[in-house]
2 protein chains.
Amino acid sequence: MVTKQFSGSPDEADLMRADSLAREIFSDIANKWALLIINVLDERTLRFSELRNEVEGISHKMLTQNLRMMERNGLVERHVHPTVPPRVEYTLTAPGQALRATVDGMCAWTHQHLTHIETSRHRFDA
Amino acid sequence: MVTKQFSGSPDEADLMRADSLAREIFSDIANKWALLIINVLDERTLRFSELRNEVEGISHKMLTQNLRMMERNGLVERHVHPTVPPRVEYTLTAPGQALRATVDGMCAWTHQHLTHIETSRHRFDA
DNA sequence: CCGGATCCTGTTGGATACTG
DNA sequence: CAGTATCCAACAGGATCCGG
C-alpha cells in the first residue's frame with residue numbers, strides 16, 4: 001500500500017529491519033556469559049545446576065536470564081522432565097553448535113596470545 | 001622460595017594465574033563494542049572520528065574506553081600525528097587481525113541464521 | 001531442583017563542559 | 001580533533017524469598 005511511496009527499492013524497509021535485527025542478535029550473543037555457556041555446553045546435555053557449577057562465577061540470575069535469551073533465539077533447547085524434584089536439561093541446537101566453532105576460535109586466540117597480551121599490558125601500564 | 005611448599009606441581013600457581021588472566025582477557029574482548037570496532041577497522045587505518053561514525057551507535061566515551069582497553073591488550077595500534085588539529089589513527093595489530101577471523105565468523109553466523117532466529121523468537125513469545 | 005519476583009546497591013554509560 | 005573529567009540517570013546484577 002504505502003510501499004514504494006518514497007525512494008529506494010521495494011523492500012528497502014525489510015533490509016533495514018534485517019539490519020537492526022542482526023545488530024540486536026549480535027548484541028545478545030556478543031556477551032561474556034552467553035559465550036561461556038555455549039563453550040561449556042559444547043556437545044553435552046547439562047542440567048541447570050550443572051551449568052551453574054561449570055560456568056565459573058555465574059550467578060543464578062545471570063544463568064537463567066541468559067538461558068532464556070538463548071532459548072528465545074533458538075540457540076539452546078530446554079527439556080523439562082516432569083519429575084519431582086524437577087529436572088531441566090539444556091542442549092545446544094544446530095545453530096548453537098554452529099556458533100561453537102567461532103567461540104572455540106576466540107578461546108584458542110586468547111590462549112595463543114596470552115604472553116603477547118601480558119607484555120603489551122606491562123608496556124602500556126608504564 | 002615458597003614454591004612447592006604446598007601440594008601440586010611446581011608451577012601450579014602460574015597455571016592458575018594464566019587461567020584467571022585468560023578469563024580477564026576473554027571478558028574484555030567478548031563485548032559488543034570491542035568486536036564491532038574490530039569488525040569495522042578490518043584492514044584499514046581509521047581516525048577516531050571516522051570510527052565514531054562507522055561504529056553505528058557508539059558514544060564518544062565508549063569508543064575511547066574500548067580503544068584504550070584494546071591498545072592495552074595489544075589489539076590496536078594508536079598513531080598520533082603531532083599536527084594541529086591533532087590526527088590520531090588506529091590500526092589492528094597482528095593479533096587483532098587474527099581475531100578478525102572469528103569476529104567475521106560471528107557476523108556470518110548472525111546473517112545466516114537471521115530467519116531461523118526470527119521464527120524461533122515468535123514461537124517463544126507465545 | 002528450577003526459576004520467577006522483589007529489593008537494593010554499584011557500575012555502566014550518556015551528556016556536557018573543559019584542556020591541548 | 002582527540003581526550004579527560006564530572007555529573008547523574010538508568011540498568012545490571014547479587015542476595016533473598018517464595019512458589020511449583
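Chain naming here is simple, since letters A, B, ... match the order of the sequence lines and numbering starts at 1 in each. Since this is a predicted model, take the numbers as computed values, not measurements.
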- prompt: OP1 or OP2 of dA2(D) sitting under 4.0 Å from any side-chain N/O of Arg87(B)?
  reply: no

Strand contacts (DNA chain D) in residues 21-33 of chain B, 4.0 angstrom heavy-atom criterion: none

- request: Heavy atoms of chain B, cut-off under 4.0 Å: which first and last nucleotide of DNA chain C, 5' to 3', fall inside that, if you could look?
  value: dG13(C) to dG20(C)

query: When you measure from the side chain of Trp109(A) to the backbone N and O of Asp104(A), does any donor-acceptor pair fall under 3.5 Å?
result: no

task: Please answer whether the main-chain N or O of Arg72(A) pairs with a side-chain N or O of Ser120(B) as donor and acceptor at a distance below 3.5 Å.
output: yes

- prompt: Any chain of hydrophobic side-chain contacts (each under 4.5 Å) joining Val84(A) to Val88(A)?
  reply: no

- prompt: According to a 4.5 Å side-chain heavy-atom criterion applied to Ile, Leu, Val, Met, Phe, Trp and Tyr, with indirect links allowed, do Leu67(B) and Val80(B) form part of one hydrophobic cluster?
  reply: yes

message: Looking only at side-chain N and O atoms, does Arg100(A) offer a donor or acceptor that is under 3.5 Å from a partner on Asn39(A)?
response: no

task: Would you mind listing every ring pair (Phe, Tyr, Trp, His ring centres under 6.0 Å) that reaches into residues 42-70 of chain A, with sequence neighbours excluded?
output: Phe48(A)-His60(A)

query: Does anything in residues 48-76 of chain A reach DNA chain D, meaning a heavy atom under 4.0 Å, and if so which residues?
result: Ser59(A), Lys61(A), Met62(A)

field: Arg44(A) and Glu54(A): CA distance, side-chain angles, deciding distance, salt bridge (charged side-chain N to carboxylate O under 4.0 Å, His left out) verdict
entry: CA-CA 12 Å; Arg44(A) 301 184 287 173; Glu54(A) 302 233 12; 3.2 Å; yes

task: Tell me yes or no: between the side chains of Asn73(B) and Asp28(B), is some donor less than 3.5 Å from an acceptor?
output: yes

- prompt: According to the side chain to side chain donor-acceptor pair (under 3.5 Å) rule, which pairs have a member within residues 76-92 of chain A, sequence neighbours left out?
  reply: Arg78(A)-Tyr90(A), His81(A)-Glu89(A), Arg87(A)-Glu89(A)

task: If a pair satisfies salt bridge (Lys or Arg N to Asp or Glu O under 4.0 Å) and one of its residues is in residues 59-70 of chain B, list it, with sequence neighbours excluded.
output: Arg68(B)-Glu71(B)

